[in-house]
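Any value given below was found using the heavy atoms of this structure, including those in side chains, with hydrogens, waters and symmetry copies removed.
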Amino acid sequence: MSVVTILAIFILAFCVALIRGPGWAFALVYLPALILLNQVPELRIPHAPVAAHFAPLYAILIALPFRNEKLRLKWCTLDTVVILLLISSLITAWSTEEFETGVNMFRTELLRWIGPYFLARFLFRSIETRRLALYMLIALIGFITLPAMIEFRLQPYFYLHMMKDVGLINHVPQMAYSRMGFFRVSGPVEHPIYFGNMCLAMLGMIAVLARTSGVKLKNPWVAMALLAAFACIVMSISFTPYMGVLAGSIFLFMLLVVPFSRQLLLLITLSIIGGMFAYTYHTAHTALGDKPDDPLAASLYIRRLIIVESWNKSLHAGPFGWGRNLYANTTDQDFELASVDNTYMQFTMTRGWVYTALWISIAVFFSLRMTLAFSRVNHRSQIFPLAVSTATVLGLMVSMYTVWAGALYTVVWAMMLGLANTLADMVFYPELVRGTAPLGQRVQVRRSGTAAAESQPPVAVARNPYWQITDV
């Protein structure tokens, strides 16, 4: 069944991309495959494994030469950082294992989050793609909310059991997560933390896409989708997405209510990074004591334990880390962690200080870019989408301090990052937007072409209020 499903997704995505364009295939095929079918077993094709959410990416890539469309963007420092992250991960793979490992790493990183990031950069320039993606995300969050409610109170892994019943997957996790008398919802992914973070990223994307595609937040469907996404975050009953919501809310409040904070965004981000490093150093050199019985205190204890256990390994990881086989490449018998739920410690140990520094620099350069974007907005309607995208991206990067960044939510976060960068492009390069006067104003544009047309008086053209961008 999984083979048929993946082939059907590939054929559908290819046809849609060929007939309607890559934006349609991205919004109507890739997004549902990514969010609903990411647990479907992949096809083990040598050198090119195809998962359900990878198939649309292959299809879009194959269909592009047959379309008379050019995917262009204004290159920025963040795009360079993403490419450098890919190069750094390749060096780690080649230096710690074999050449084939590097090839696999290149393919995996490209399909998992780097490809979706650049597709978002390219395709979200179009108001049509943004509106289609908005409608699809509204449908998706509505589709997963009902099973989440059942899973929250009645049956763990209800969604995955449905997938197994129709033959899409072969295995459902046997260990149920519960807290405070409720089951922790994992929905279409493998863990409640990943589910909560994914819904947080979807919440931010829905709000931003609505405000940049001509659909108001008061629209009943948008409002219900935002409420459903927030409810799913709550039903995950996970400290990590809660921390992301808290951090994102603080960012959003400052950017919307305290205008001068928009010019201090870089300083605020650097302060948070410094605070995280100081907390990490302090925790690594402080005795843990006994594990408490209270669930929340026990969760925080595990986070501190991870830092203590990982500190020495991180210090000696070198520029490119120990690689994936951390246990095989080290001889420290005191390192006994089954998992490392801290993106920054995990990256430092497995991929080295270079990769970790580049990953942290995403927050730094992104904050700098958005600070400049806030200073150049030409109408107040642009502030809200920039503020929400900034809060979502940075809030999730804060939450990554207590979870691994290799899960599905990272893909949605990467698309949010790409969308935010594209919105910034529209602020930095107003000549690319059809009409640049503030909302309500009319600009004088002369006709071009024939001499007769040139001699006619200027024509008043209203600015497109939905940030439609032209080809670069």
Self-check item: Test item: Y409 and I193 side chains (from C-beta on) under 4.5 Å apart, heavy atoms
Solution: no
Quiz item: Do T108 side-chain atoms and M105 backbone N/O form a donor-acceptor pair below 3.5 Å?
Solution: no
Quiz item: Quick one: does E97's side chain have a donor or acceptor within less than 3.5 Å of a partner on G323's backbone?
Solution: no
Quiz item: With a cut-off of 6.0 Å (strictly less than), are more than 12 heavy atoms of other residues, nucleotides or ligands near NE2 of H316?
Solution: no
Exercise. Report, as yes or no, whether the 6.0 Å neighbourhood of atom CH2 on W311 holds more than 12 heavy atoms from other residues, nucleotides or ligands.
Key: yes
Quiz item: Of the non-hydrogen atoms in T92 and F320, which two are nearest, and what is the gap between them?
Solution: OG1-O, 2.8 Å
Self-check item: Nearest-0.5 Å distance, CG of residue L28 to CE of residue M136
Solution: 5.0 Å
Practice problem: Decide if the gap between the ring center of F347 and the ring center of W404 is smaller than 6.0 angstrom. | Solution: yes
Practice problem: Decide whether S238 and R184 meet the rule of one side-chain donor and one side-chain acceptor closer than 3.5 Å. | Solution: yes
Quiz prompt | Minimal non-hydrogen separation, L200 against P241, with atom names | solution = CD2-O, 4.3 Å
Quiz item: When you look at CZ of F143, are more than 12 heavy atoms from neighbouring residues, nucleotides or ligands closer to it than 6.0 Å?
Solution: no
Quiz item: Just checking, is any N or O donor in the side chain of Y344 or S314 under 3.5 Å from an acceptor N or O on the other one?
Solution: no
Pair up each side-chain donor or acceptor in residues 112-119 with any protein partner under 3.5 Å, not counting sequence neighbours, and list the distances.
unit_1	atom_1	unit_2	atom_2	d
W113	NE1	E109	OE1	3.2
Y117	OH	D79	OD1	2.5
Y117	OH	N421	ND2	2.9

Quiz item: Are N342 and S310 linked by a side-chain donor-acceptor pair shorter than 3.5 Å?
Solution: no
Exercise. State the CE-CG distance between M254 and L265, to the nearest 0.5 angstrom.
Key: 7.5 Å
Quiz item: Counting distance only, does the side-chain N/O of T422 pair as donor-acceptor with the main-chain N or O of R121 below 3.5 Å?
Solution: yes
Self-check item: Greater than 12 external heavy atoms within 6.0 Å of Y242's OH
Solution: yes
Practice problem: Indicate the atoms forming the closest heavy-atom contact of A148 with V185, along with that distance. | Solution: O-CG2, 3.4 Å
Self-check item: Side chain S361, main chain L358, donor-acceptor under 3.5 Å
Solution: yes
Practice problem: Please collect all ring-ring contact (aromatic ring centres under 6.0 Å, His included) contacts where either partner lies in residues 181-207, sequence neighbours excluded, each pair once. | Solution: F152-F182, Y177-H191, H191-Y194
Quiz item: Atom CG in N219, atom CD1 in I138: separation rounded to 0.5 Å?
Solution: 6.5 Å
Self-check item: Side-chain (S236) to main-chain (I233) donor-acceptor, under 3.5 angstrom
Solution: yes
Quiz prompt | Donor-acceptor under 3.5 Å (T410 side chain, A405 main chain) | solution = yes
Quiz prompt | Single hit among T343, N197, T240 for side chain to side chain donor-acceptor pair (under 3.5 Å) with S399 | solution = N197
Practice problem: Decide if atom CE of M149 counts as having more than 12 heavy atoms of other residues, nucleotides or ligands within a radius under 6.0 Å. | Solution: no
Quiz item: Which residue, M400, M205, M198, forms the side chain to side chain contact (heavy atoms under 4.5 Å, CB included) with W413?
Solution: M400
Exercise. Measure across M416 and S389 and return the closest heavy-atom pair with its distance rounded to 0.1 Å.
Key: CE-CB, 3.4 Å
Self-check item: Sole residue of L217, L137, L227 in side chain to side chain contact (heavy atoms under 4.5 Å, CB included) with V222
Solution: L217
Exercise. Walk me through it: do T348 and W353 pass the test side-chain contact (heavy atoms from CB on, under 4.5 Å)?
Key: CA-CA 5 Å; T348 303; W353 283 100; 3.6 Å; yes
Quiz item: With no hydrogens and no angle check, is any side-chain donor or acceptor of R67 less than 3.5 Å from a backbone partner on L18?
Solution: yes
Quiz item: Do side-chain atoms of Y159 reach the backbone of L36 as a donor and acceptor pair under 3.5 angstrom?
Solution: yes
